[in-house]
Amino acid sequence: MNKTFDPKEFETKLYDKWKEKKYFSAHVNKDKKPFTIMMPPPNITGQLHIGHALTMTVQDSIIRYKRMRGYETLWLPGTDHASIATEVKIVDKMAEEGLTKEQVGREEFLRRAFEWKDKYGGRIIEQLGRLGASCDWDRLAFTMDKKLTRAVREAFVRYYEKGWIYHGARIVNLCPHCKTAISDAEVEYETEEGHLWHIRYPAADGSEGIVVATTRPETLLGDMAVAVNPKDKRYTSLVGKMLILPLTDRQIPVIADEYVDKSFGSGAVKITPAHDPNDFEVGLRHNLEVMRVMDDTGHMNELAGKYAGMDRYEARDAMVKDLEALGLLVKTEVHMHNVGHCHRCKSAIEPIVSKQWFVKMKELAQPAIDAVKNRDIKYVPRRFEKNYLYWMENIRDWCISRQLWWGHRIPVFYCDKCGGEFVSREDIKTCPTCGAPVRQDEDVLDTWFSSALWPFSTLGWPEKTPDLEYFYPTDVLVTAYDIITFWVARMIYSGLEFIKEKPFDTVLIHGLVRDELGRKLSKSLGNGIDPLEIIDEAGADVLRISLISGVSAGGDIKYSDKKQESFRNFMNKIWNAARFVLMNVGETEILPIEKVRLTLADKWIITRLNRTITEVTKYMERYEVGLAANKLYDFIWSEFCDWYIELSKVSLYSSDEKKKQYTISVLVRVLSDILKLAHPIIPFITAEIYQNIPAEAREAEDIMISAYPDPKALKSHPKDARAMEMVMDAIRAVRALRAETGVKPSRRTELYVHVSPAADGIIKKAGEYLVKLASGTTVTETESKPDGCTAIVTTLGEIYIPMGELMDYDKELERLGGELENARSELERAQGKLANEKFVAKAPKALVESEKEKVAKFTDRISALEAKIAEIKAAAGK
RNA sequence: GGAGGCAUAGCUCAGUUGGUUAGAGCGUUUGCUUGACAUGCAAGAGGUCGCAGGUUCGAGUCCUGCUGUCUCCACCA
């Protein structure tokens with residue numbers, strides 16, 4: 001083995017081997033319990049980014065853990081066609097060639113899109129391999145595969161036939177530049193300075209009418225009413241009267257609606273159902289007509305009279321000027337407001353009415369609400385339930401049509417001859433009623449329509465496949481909190497609707513990866529972190545553990561070079577600990593632990609190992625991968641390396657061959673358990689080391705198919721472990737005394753111990769450790785303090801060290817003074833508690849007892865310290 | 001505007017159902033070529049757990065209010 005950890009040597013080699021051996025493949029196997037994770041499909045537009053690296057690491061860790069626990073594990077990978085994001089990229093690329101999608105036509109455009117998918121969709125898959133993802137590549141899916149397309153079509157038809165899909169008008173976000181409607185999520189709001197124009201609408205009877213305030217005067221031409229609050233006394237008498245719409249000869253009514261805020265502007269609102277979502281709702285309530293005065297490119301249309309053909313802002317200026325000339329412009333105020341912008345091209349969004357396809361949500365939502373409320377589906381951490389429920393309980397119908405080409409085309413066909421409208425599972429060419437040629441709806445479905453079916457469409461639905469039967473419902477869905485509403489919610493109601501069973505048992509939410517200042521990572525900030533660069537530089541294991549370590553579910557992660565470096569060091573530590581163990585193995589035959597005569601140190605490390613297995617397992621079962629990683633870090637570094645390896649040297653460097661063989665056997669056993677425990681999180685380094693472990697100590701040909709450690713496999717020895725800890729406490733105390741009193745490390749001394757009753761017999765078993773690790777030459781049991789010795793109190797007993805001239809008296813006095821102060825305040829605290837009658841009466845007995853013990857302990861310590869201080873002062877001649 | 005999260009050492013974060021002297025990593029101080037590792041070892045310093053109340057024998061942990069901060073939702077003419 002190399003002296004330092006070098007992941008390049010083995011990561012790719014191991015991954016190729018795993019793939020070749022088909023360790024990732026899942027099979028329907030009735031003898032085993034299935035455990036399934038559906039990978040949230042990355043967009044084909046993307047490279048693997050740090051957020052993917054996080055979510056994939058969590059999933060891979062869980063799936064590897066469950067595989068080692070004996071489950072038939074399926075982690076199903078795939079990619080998403082990402083309708084709008086991909087289309088925009090393809091359009092941009094074509095623009096470089098001077099082409100538009102209209103020029104090349106739909107067919108050619110789709111050809112290019114699939115070409116794109118083949119080229120870039122594969123890239124992210126490769127990158128997942130670099131990370132170590134153990135997903136079943138034989139089941140790789142894509143949201144526009146034949147199989148999944150069929151599922152999409154089936155779902156659409158079933159909704160349609162149930163009457164849950166309808167074609168209706170609604171206000172959408174129009175991007176006049178991209179010439180398409182975009183979803184609410186793709187709108188970015190920014191606070192901008194605008195104007196609030198107060199415009200008088202005269203009454204038809206010649207009286208003065210009402211002043212309305214608006215930020216978009218150009219929509220005035222589509223006004224169908226003016227609304228006031230029904231409780232607003234100023235306007236009560238006007239409700240029901242007619243007003244003259246300025247710049248036109250139309251008359252519009254004054255209506256009363258709760259939506260109007262009396263205190264804003266003039267308290268009267270112009271209602272333009274075709275150009276504002278709220279106005280649209282008001283219009284529905286009051287049966288107003290919808291009159292659209294702008295086209296899809298942001299220009300005024302033929303209904304705009306003399307303004308027809310003008311750009312929206314041009315028309316705005318012209319109309320303000322005209323209103324002013326007519327004396328109808330009462331005043332203009334500067335006004336700060338939020339304006340939506342297209343997140344791709346940044347132009348201002350125009351809310352505009354258009355015909356879209358919708359899914360009715362009310363009946364779909366209810367079971368999905370119930371499933372979470374009754375804990376059939378569990379969110380981890382639980383607080384995200386609230387987000388979900390709030391959204392679901394206020395859900396609006398789902399607009400599923402997009403004016404794009406890349407996606408699942410809406411399977412609705414129209415017959416222009418007889419006016420028929422048909423939905424069909426298969427493409428049809430002619431009208432089933434009259435035989436005339438039909439045309440298909442031009443729009444495609446929202447990307448999330450196919451993602452919503454992901455947990456079962458990937459398993460073969462609508463067929464009743466053995467996969468679907470065996471692997472569904474899946475176990476855990478892992479995702480960041482930002483797509484709970486887009487995606488998680490939609491999978492839940494889709495699963496409940498089509499399969500009549502929840503799509504997953506648990507939703508595990510993790511946070512977002514941020515930079516060291518806590519900012520979101522973004523291209524524009526230039527603080528992006530490229531996971532592949534990190535893999536190249538430090539290895540996949542380092543990236544994985546740096547991302548997840550120490551983070552509990554739901555929290556954001558700050559990534560920094562420092563963090564990465566410290567985990568690189570940790571990998572190196574594991575590597576070198578393994579190197580130490582394996583170097584010492586040589587030709588030694590490794591014995592099963594049952595045949596080893598265990599030392600006190602062996603019993604201690606085995607006891608600690610069992611405890612660690614229990615805790616790590618507990619965290620893994622709760623999907624707290626980050627906390628499991630922390631536990632392992634502590635155990636491996638502080639207990640195995642810093643203590644056990646050092647303790648083991650006592651036997652390894654002795655001349656007793658049997659003793660050596662025993663210790664090596666324990667070292668190998670603990671090491672291999674450590675590797676297995678850590679393998680789900682850091683698969684590569686653990687697999688590489690495992691291959692180097694002597695064959696007789698390996699149970700499987702590869703660590704990833706070995707069994708996860710069982711805390712009951714080896715017997716714990718709690719009493720001996722406590723005894724060992726007394727020795728360790730003594731070692732620490734001696735080291736601290738020497739360091740603080742300035743004794744040269746190379747200067748070894750005799751050690752004398754007045755063993756405490758609880759530690760009877762320990763020196764015989766463990767005195768060697770004390771000598772070796774506490775800079776001793778010999779250790780001797782004694783009843784009283786030899787002359788010229790300094791005493792320290794430890795759980796093992798009192799230890800006497802002949803320091804004499806070695807000691808720096810001032811330093812020692814200072815140290816003792818601090819200790820004395822500390823002991824006094826502890827004593828005071830304990831006495832205070834015991835003086836409180838209520839505490840003694842109500843607190844658990846054990847606690848009261850321990851406080852009493854504390855009083856005794858600190859009383860003793862104080863008198864010992866005082867004696868020592870006096871003694872040193874005397875010795876120093878002060 | 002509505003909802004939620006977070007606030008613990010200089011920095012990044014753990015802290016189980018309330019119960020010994022609140023932990024880790026990084027940084028920092030001192031010492032060390034100790035036969036795996038200086039990507040290391042040993043020893044130390046560093047915290048009135050955001051502020052103000054409350055419940056309790058006992059609060060970092062539970063409740064209320066406040067402040068700061070972040071996120072999501074809405075987008076009021």
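Just so you know, these numbers use all the heavy atoms, side chains as well, and skip hydrogens, waters and symmetry mates. Every chain is numbered from 1, with letters handed out A, B, ... down the list of sequences.
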Under 4.0 Å between a side-chain N/O of [X] and OP1 or OP2 of [N], yes or no?
X      : N     : result
A:Y653 : B:A36 : yes
A:K3   : B:U39 : no
A:W643 : B:C41 : no
A:K558 : B:C13 : yes
A:N572 : B:C37 : no
A:H275 : B:A77 : no
A:N576 : B:U39 : no

Could you check whether A:A577 gets within reach of a base, just the sugar-phosphate, or nothing at all, counting any heavy atom under 4.0 Å?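 Answer is base: heavy atoms of A:A577 come under 4.0 Å of a base.
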
Step-by-step side chain to side chain contact (heavy atoms under 4.5 Å, CB included) determination, A:V187 to A:H341: CA-CA 6 Å; A:V187 178; A:H341 295 266; over 6 Å; no

Nearest-Å distance once atom [atom1] is located in both [N] and [M]:
N     : M     : atom1 : value
B:G1  : B:C62 : P     : 28 Å
B:U55 : B:G27 : P     : 46 Å
B:U69 : B:U8  : C1'   : 16 Å
B:G23 : B:G40 : C1'   : 23 Å
B:G60 : B:A14 : C1'   : 12 Å
B:C49 : B:A9  : C1'   : 10 Å
B:G50 : B:U16 : P     : 14 Å
B:U34 : B:G46 : C1'   : 29 Å

Take atom [atom1] of [X] and atom [atom2] of [N], then tell me their distance rounded to the nearest Å.
X      : N     : atom1 : atom2 : result
A:E258 : B:C76 : CD    : P     : 19 Å
A:N630 : B:G23 : CG    : C1'   : 11 Å
A:R824 : B:U21 : CZ    : P     : 19 Å
A:H335 : B:C76 : NE2   : P     : 9 Å

Please determine whether a side-chain nitrogen of the Lys or Arg among A:K563 and A:E565 lies less than 4.0 Å from a carboxylate oxygen of the Asp or Glu.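 Judged by the 4.0 Å cut-off on N to carboxylate O distance, A:K563 and A:E565 do not form a salt bridge.
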
Look at A:E740 together with A:R735 and state whether they make a salt bridge at an N to O cut-off of under 4.0 Å. no

Stacking between A:F839 and B:G58, defined as ring centres under 5.5 angstrom apart with planes under 30°, is that present or not? no

For the side chain of A:E624 and the base of B:A14, is some donor closer than 3.5 Å to an acceptor across the two? no

Tell me, what's RNA chain B's dot-bracket, Watson-Crick or G-U with both distances under 3.5 Å, | for other-strand, [ ] crossing? (((((((..((((.....[...)))).(((((.......))))).....(((((..]....))))))))))))....

A:S546 and A:Q564: CA distance, side-chain angles, deciding distance, side chain to side chain contact (heavy atoms under 4.5 Å, CB included) verdict: CA-CA 6 Å; A:S546 304; A:Q564 185 184 316; 4.3 Å; yes

Within the distance-only criterion (no hydrogens, no angle test), does the side chain of A:R312 pair as donor or acceptor with the backbone N or O of A:T219 below 3.5 angstrom?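 No; judged by distance alone, with no hydrogens or angles, the pair does not exist.
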
If you check every side-chain atom of A:A843, which of B:C57, B:A14, B:G2 has the closest atom?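 Output: B:C57.
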
Angle between ring planes, A:Y633 versus A:F570, binned at 30° and 60°: parallel, tilted or perpendicular? tilted

Solution key, residues 823-833 of chain A side-chain donor-acceptor pairs under 3.5 Å, sequence neighbours excluded:
{"residue": "A:R824", "atom": "NH2", "partner": "A:E866", "partner atom": "OE2", "Å": "2.8"}
{"residue": "A:S825", "atom": "OG", "partner": "A:N822", "partner atom": "O", "Å": "3.2"}

Would you confirm whether the ring centroid of A:F264 sits within less than 6.0 angstrom of the ring centroid of A:H335? yes

